[in-house]
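Accompanying notes for the structure given below.
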Amino acid sequence: MRTLPPAARQALDQAFAYSSVASHRRREADGGMTIKHLFKLQDARTIETVVMRYEASSRSRERTTICVSSQVGCPIGCSFCATGQSGFDRNLSEAEIVDQFLHARRELAAIDRTLTNVVFMGMGEPLNNYHAVVAAIRRWARPDTLNFSPRRVTISTIGLVPFIERLASEELPVNLAISLHAPDDDLRGSMIPVNKKYPIAAVVAAARAHADRTGRRTSYEYVLLEGVNDSLAQARQLARVVRHPRSHVNLIPMNPIEGSSMAPPTRARIRAFATTLQEAGISTTVRATRGLDIDAACGQLRARELAASPA
Ligand code: SAH
Ligand code: SF4
């Protein structure tokens, strides 16, 4: 607003916040194709947001995906996750979720790119902040704002069954990703405490009901941990658990986190695990790891920042 006198501009600046998220740190990796933001919120807490660009290939069109956070920290406490290990502070507001998108969108406009996909795979458990997450998705979708279709949005959840059921009853055709990570309840319960409340059979049944109701695909996320959940017998068991016409398995080699001895398997083992699933008739991909040199796995940049400068 350069037409206003400087004093008025200063007064406006002090009285209003243009965005609820402010850039605190910004790092690039993969030759600029991955950008990791550490955003500062108005109460000085920090969250991470990652923007990943993909060029067009023979199989897919050009894409730009934003990975947004839904909470500051996470109350679920998974053993392999930097966010889970850092504890829980608070839910994000609808505005703080919406503004992660708007910030990235403004930055991309300068290089003539636009956001094509949103994944709730940053910090936090989105279904533990249900109202703000659904409100943000509805706001992006409004024809008078961004007109960004829920079909381009994926909610990743650890499997909070009542909220998966509730999501299925909304008129909201979002994609669901279920963080499964183990084919049996004993192992899953040792990695993911909430599995005791919502065991695998209940989570898979809710995911299937969501897929049947919305017609959307369910992807099962599976972080591969060497010597823990990467045997070929476990791959065969996983195939039995997830079998459904619209199921897909996404294998994620573990991104090592500080203070944990867990590690990803060798590439040969990852390939063998993927092949075993495919031979059992399960559509499977291995996720390319992005931004390792900028701590781009969930919660890692913030964990490092907190360790360097305790609040
Ligand atoms: N709370 C939600 C969404 C955020 S986590 C969920 O758990 O689904 C997003 C994804 O990152 C999940 O699939 C999670 O399992 C995965 N993840 C967490 N820590 C990881 C690590 N160290 N390496 C690789 N993936 C990790
Ligand atoms: Fe929370 Fe997801 Fe991390 Fe588990 S994996 S602690 S649910 S963010």
Side-chain angles (χ1 to χ4, degrees), residues 36 47-50 52 65-92 97 100 117-130 132-133 153-161 163-164 167 174-182 187-198 203 206-207 210 218-226 228-230 242 248-265 270 285-292 294-304:
K36 181 146 189 167
I47 52 161
E48 296 178 8
T49 306
V50 186
M52 292 158 288
T65 299
I66 181 171
C67 176
V68 294
S69 289
S70 56
Q71 299 182 310
V72 185
C74 181
I76 306 289
C78 302
S79 58
F80 49 87
C81 170
T83 305
Q85 295 306 304
S86 73
F88 176 62
D89 273 319
R90 68 168 174 87
N91 280 332
L92 293 188
I97 298 171
Q100 295 171 63
N117 300 82
V118 176
V119 294
F120 279 87
M121 293 187 184
M123 296 168 56
E125 167 49 48
L127 296 189
N128 198 238
N129 186 15
Y130 187 87
V133 166
V153 177
T154 299
I155 293 182
S156 176
T157 176
I158 206 67
L160 306 186
V161 169
F163 288 106
I164 298 174
L167 193 63
V174 288
N175 306 294
L176 198 59
I178 302 287
S179 288
L180 202 61
H181 309 323
L187 178 59
R188 193 168 190 267
S190 72
M191 298 157 65
I192 303 167
V194 77
N195 190 71
K196 294 182 182 72
K197 198 162 173 192
Y198 305 120
V203 173
H210 180 274
T218 309
S219 62
Y220 290 94
E221 310 289 299
Y222 195 97
V223 172
L224 279 166
L225 308 167
E226 183 179 36
V228 177
N229 64 358
D230 65 340
V242 302
H248 176 85
V249 171
N250 206 345
L251 299 173
I252 311 165
M254 188 213 181
N255 221 331
I257 63 170
E258 258 168 49
S260 163
S261 57
M262 283 184 272
I270 295 169
T285 46
V286 179
R287 183 180 298 166
T289 315
R290 277 292 189 107
L292 269 178
I294 52 167
D295 301 322
C298 170
Q300 292 189 336
L301 180 62
R302 177 170 172 269
R304 189 167 300 241

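Each ligand, and each atom within it, is numbered from 1 in the order the structure gives. Only a predicted model underlies this, so the values are computations on that prediction, with no experimental measurement involved.
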Do any N or O atoms from the side chain of S86 and from the backbone of T83 form a donor-acceptor pair under 3.5 angstrom? yes
Numbering the atoms of ligand 1 from 1, which are under 4.0 Å from a heavy atom of V223? 15 (O), 25 (N), 26 (C)
Per-atom filter on ligand 2: closer than 4.0 angstrom to a heavy atom of G77 are 6 (S)
So between S69, G84, G122, S179, whose heavy atom ends up nearest atom 5 (S) of ligand 1? G122
Per-atom contacts of ligand 1 with I257, taking only distances under 4.0 Å to non-hydrogen atoms: 22 (N)
Pick whichever of M262, Q85, H181, Q71 has a heavy atom sitting closest to atom 15 (O) of ligand 1. H181
Results of salt bridge (Lys or Arg N to Asp or Glu O under 4.0 Å) for R90 - residues two or more places apart only: D43, E96
Nearest non-hydrogen contact to atom 8 (S) of ligand 2 from the set G124, G84, S86 belongs to G124
Presence of N, O or S from C74 under 2.8 Å of atom 3 (Fe) of ligand 2: no
Looking only at heavy atoms of G124, does any of them come nearer than 4.0 Å to an atom of ligand 1? yes
Report the part of E221 (side chain from C-beta onward, or backbone N, CA, C, O) that has a heavy atom under 4.0 Å from ligand 1; answer both or neither where that applies. side chain
Using a strict cut-off of 4.0 Å, indicate which atoms of ligand 1 neighbour a heavy atom of F120. 3 (C)
Please check if any side-chain donor atom of T157 sits under 3.5 Å from a side-chain acceptor atom of E125, or the reverse. yes
Region of N255 engaging ligand 1 - heavy atom pairs below 4.0 Å: both
Does any donor atom in the side chain of T49 or Q100 lie under 3.5 Å from an acceptor atom in the other side chain? yes
The criterion is ring pair (Phe, Tyr, Trp, His ring centres under 6.0 Å); which residues satisfy it with F80, sequence neighbours excluded? H181
I need the S70 OG to M123 CE distance, nearest 0.5 Å. 9.0 Å
Side chains of Q71 and N91: donor-acceptor distance under 3.5 Å anywhere? yes
Can H248 and T285 be counted as having a side-chain donor-acceptor contact under 3.5 angstrom? yes
Mind checking whether T157 contacts ligand 1 via backbone (N, CA, C, O), side chain (CB onward), both or neither, at a 4.0 Å heavy-atom cut-off? backbone
